[in-house]
**Student:** 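So that we are looking at the same thing, I have put the structure below in structure tokens.
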Amino acid sequence: MPRMLDVSDDVRAEIGDEEADRLLAGDNAPGAYDCTSCRTPGNTEQERTSTVLFVGQETAVLAFAHATCVPSQVVAVSEDQLRGAVRSITGEDGAPPTAEASHAPPVPAASHASTSYVPGPAAPAPDLSPAPVPSPVSPVAGSHAPAPSGHTPAPSGHAPVPQQAVLGVTSGVVLVGQEACAALVVEPTAPIIRPGSIGHGDEFLQLLSEQGFAPVVDLSRPPAPNPGWSVLLAMGRLHAVLMPAPGGGRPVAWWQAHSPMPLSEGWRSALGRSQKVLVYAAAAGTIGTQPREDQLRAALDRAAARGALVGASMPLAGT
């Protein structure tokens with residue numbers, strides 16, 4: 001039976017006319033699927049469905065999404081991100097050169113190691129080693145990751161010793177005005193100092209402000225978009241927050257999950273309605289671990305009142 005599939009010119013160019021025609025005819029396309037964006041069920045026989053091709057250096061994954069969530073497109077990602085997505089589907093340590101992501105299984109919430117990059121002048125390349133101690137973060141899911149281009153200050157009277165500061169990333173649904181919005185909250189566990197700086201002050205928010213994040217003083221309105229930044233989701237899990245490459249070209253990961261981070265059904269539903277993610281960043285010690293989403297919102301309000309919060313609205317990668 002023919003499928004209600006959208007195959008963009010870019011996707012067709014990657015997979016070839018023959019494969020694209022087989023998909024449209026229903027030969028290689030699933031009937032039911034889980035949307036790669038909102039993670040809710042879809043059916044190619046009953047509703048318009050987008051083909052989304054995630055392409056790495058060696059691996060390609062063909063996924064399916066509601067046409068109302070994302071358009072058919074090719075999304076370039078790192079090979080590590082893509083192989084992690086394939087492993088989440090197959091449950092295997094290895095991954096084949098190509099895979100089709102049509103029936104990704106549901107996953108429980110958990111904490112995940114990840115990698116982040118705090119932009120700054122002459123910052124070193126990100127260290128992709130796993131975070132030392134991942135721990136659960138309420139209200140939905142969270143991860144802790146080394147921030148390779150920052151360091152924590154040494155005790156008073158001693159020269160600063162470069163270290164990996166740790167970023168905590170929490171996903172939650174935050175009420176902004178009258179709208180429930182999908183949000184990510186980023187907070188380091190210790191002050192972050194600009195690379196090469198000899199000071200002891202926390203420069204995390206200043207570094208982000210220089211990259212287009214804006215101060216948040218009122219959570220009743222969403223933060224402004226930050227051009228070039230986006231959030232990468234695949235198979236209903238969070239893989240990375242992407243930023244513009246310093247020299248142009250493909251975006252690079254500012255924050256990257258070593259293991260794709262599960263997202264709650266409520267978070268994905270909020271994303272499906274608004275098609276944007278609100279990314280907030282707070283100074284160290286400002287937000288902390290909050291057991292409920294209303295308490296997370298209250299902590300964000302307090303951070304905004306203290307001038308210790310910046311934010312940006314971001315689309316999904318490729319949209």
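The structure presented is a predicted model; accordingly, all values stated were derived computationally and were not measured.
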**Student:** Is Met314 close to Pro225 at the side-chain level, that is, under 4.5 Å between some pair of heavy atoms?
**Tutor:** no
**Student:** What about Leu207 and Val252, same hydrophobic cluster or not, with Ile/Leu/Val/Met/Phe/Trp/Tyr joined at side-chain heavy-atom distances under 4.5 Å?
**Tutor:**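 Shared cluster, yes.
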**Student:** Considering only NZ, NE, NH1 and NH2 on the basic side and carboxylate oxygens on the acidic side, decide whether Glu265 and Arg268 come within less than 4.0 Å.
**Tutor:**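 Not counted as a salt bridge, because no side-chain N and carboxylate O are separated by less than 4.0 Å.
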**Student:** Here's a test for you: under side-chain contact (heavy atoms from CB on, under 4.5 Å), which of Met243, Met261, His239 qualifies with Trp255?
**Tutor:** Met261
**Student:** So Phe213 and Trp229, would you call those rings parallel, tilted or perpendicular, with 30° and 60° as cut-offs?
**Tutor:** perpendicular
**Student:** Test: side-chain hydrogen bond (donor to acceptor under 3.5 Å, both in side chains). Region: residues 297-307. Which pairs qualify, not counting sequence neighbours?
**Tutor:**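 Qualifying pairs, neighbours excluded: Arg297-Asp301.
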**Student:** Between Leu24 and Val7, is there a side-chain heavy-atom distance shorter than 4.5 Å?
**Tutor:**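 Answer yes - side chains close enough.
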**Student:** Of all residues at least two apart in sequence or in a different chain, which pass the salt bridge (Lys or Arg N to Asp or Glu O under 4.0 Å) check with Asp17?
**Tutor:** Arg12
**Student:** Taking atom CZ of Arg22 as the centre, report whether more than 12 heavy atoms of other residues, nucleotides or ligands fall under 6.0 Å from it.
**Tutor:** yes
**Student:** Would you mind reporting whether Pro223 and Ser313 have side-chain heavy atoms less than 4.5 Å apart?
**Tutor:** yes
**Student:** Can you sort out the partners of Ser72 under side chain to side chain contact (heavy atoms under 4.5 Å, CB included), two or more places apart, ordered by chain and number?
**Tutor:** Asp6, Ser8, Val11, Ser50, Thr51
**Student:** List in chain and number order the residues that pass side chain to side chain contact (heavy atoms under 4.5 Å, CB included) with Val55, two or more places apart in sequence or in another chain; answer none if no residue qualifies.
**Tutor:** Leu53, Val74
**Student:** Asn43 versus Phe64: any side-chain heavy-atom pair under 4.5 Å?
**Tutor:** no
**Student:** Could you check whether Thr44 and Tyr33, counting side-chain N and O atoms only, form a donor-acceptor pair closer than 3.5 Å?
**Tutor:** no
**Student:** Just wondering, do Val185 and Val169 contact through their side chains at under 4.5 Å, heavy atoms?
**Tutor:**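 No, side chains not in contact.
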**Student:** Do you know the tightest heavy-atom contact between Ala299 and Ile287?
**Tutor:** O-CD1, 3.6 Å
**Student:** Enter the distance from Leu309:CG to Leu205:CG here, rounded to the nearest 0.5 Å.
**Tutor:**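 Answer for the CG-CG pair, Leu309 versus Leu205, is 7.5 Å.
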**Student:** Rounded at 0.5 Å granularity, tell me how far CG in Leu184 sits from OG in Ser171.
**Tutor:**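 So the CG of Leu184 and the OG of Ser171 are separated by 6.5 Å.
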**Student:** For Ala65, give me all partners under side chain to side chain contact (heavy atoms under 4.5 Å, CB included), at least two apart in sequence or on another chain.
**Tutor:** Cys35, Thr36, Val52, Val70
**Student:** For Ser209, enumerate each residue passing the side chain to side chain contact (heavy atoms under 4.5 Å, CB included) test, keeping only those at least two apart in sequence or located in another chain.
**Tutor:** Val310
**Student:** Indicate yes or no: at least one non-hydrogen side-chain atom of Leu316 is less than 4.5 angstrom from one of Leu271.
**Tutor:**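 Sidechains of Leu271 and Leu316: in contact.
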